[in-house]
Amino acid sequence: MSYALHELPDLSSLGGEWTTVTVADCAFGTPVQVGRAMFPDHEWPFEPRNCRCWDMPGAWYLDGYVLICLGCGVDGT
């Protein structure tokens, strides 16, 4: 489950921002739009389309307010 696009937390205090990407829903495989965190001078090791999110750890940001996949940067909250 992810935040709705219009409810994504502000990442500016971390120097980041959100972009929108379309990925396959983990449960049904249907395309959904989610937020992808972008930080200056940081590249995620995978693109959302080929990230194995279920094998990648996530990290909590903003004092546990948002969970971001460390593989591709998508909102996994």
Side-chain angles (χ1 to χ4, degrees):
M1 193 71 183
S2 301
Y3 281 104
L5 293 178
H6 67 279
E7 295 177 346
L8 286 166
D10 183 9
L11 296 179
S12 63
S13 65
L14 302 173
E17 63 184 14
W18 294 102
T19 61
T20 302
V21 294
T22 302
V23 296
D25 176 77
C26 291
F28 303 105
T30 55
V32 294
Q33 287 193 320
V34 297
R36 183 181 192 199
M38 303 300 285
F39 297 102
D41 302 323
H42 180 78
E43 289 189 34
W44 301 108
F46 301 102
E47 290 297 315
R49 69 180 172 278
N50 62 6
C51 183
R52 296 178 55 153
C53 296
W54 54 89
D55 288 339
M56 296 297 300
W60 288 99
Y61 290 84
L62 302 174
D63 295 325
Y65 194 61
V66 63
L67 178 66
I68 298 175
C69 174
L70 294 178
C72 63
V74 298
D75 169 30
T77 309

Apply the test side chain to side chain contact (heavy atoms under 4.5 Å, CB included) to residues Val32 and Val23: give CA-CA distance (whole Å), side-chain angles for both, the deciding distance (0.1 Å), then the verdict. CA-CA 6 Å; Val32 294; Val23 296; 4.0 Å; yes

Determine whether Val74 and Ile68 satisfy the following criterion, side chain to side chain contact (heavy atoms under 4.5 Å, CB included), listing intermediate values before the conclusion. CA-CA 6 Å; Val74 298; Ile68 298 175; over 6 Å; no

Which atoms form the tightest heavy-atom contact between [X] and [Y], and what is the distance?
X: Ser2; Y: Val34; value: OG-CG1, 4.0 Å
X: Tyr61; Y: Leu70; value: OH-CD2, 4.0 Å
X: Leu8; Y: Gly35; value: CD1-CA, 3.8 Å

Backbone N/O of Cys51 and side chain of Trp44: donor-acceptor pair under 3.5 Å: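 Not confirmed, Trp44 side chain does not pair with Cys51 backbone.
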
Has the side chain of Arg36 got a donor or acceptor atom that lies under 3.5 Å from a matching backbone atom of Trp18?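 Checking the backbone N and O of Trp18 against the side chain of Arg36, no donor-acceptor pair under 3.5 Å is found.
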
Does the side chain of [X] reach to within under 4.5 Å of the side chain of [Y], using non-hydrogen atoms?
X: Glu17; Y: Leu11; value: no
X: Gln33; Y: Val21; value: no
X: Asp75; Y: Val66; value: yes

Decide side chain to side chain contact (heavy atoms under 4.5 Å, CB included) for Leu14 and Phe39; before the verdict, give the C-alpha distance in whole Å, the side-chain angles of both, and the deciding distance to 0.1 Å. CA-CA 8 Å; Leu14 302 173; Phe39 297 102; 3.9 Å; yes

State plainly whether one hydrophobic cluster holds both Tyr65 and Leu5, where clusters connect Ile, Leu, Val, Met, Phe, Trp and Tyr through side-chain heavy atoms under 4.5 angstrom apart.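 Yes; Leu5 is reachable from Tyr65 via cluster members.
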
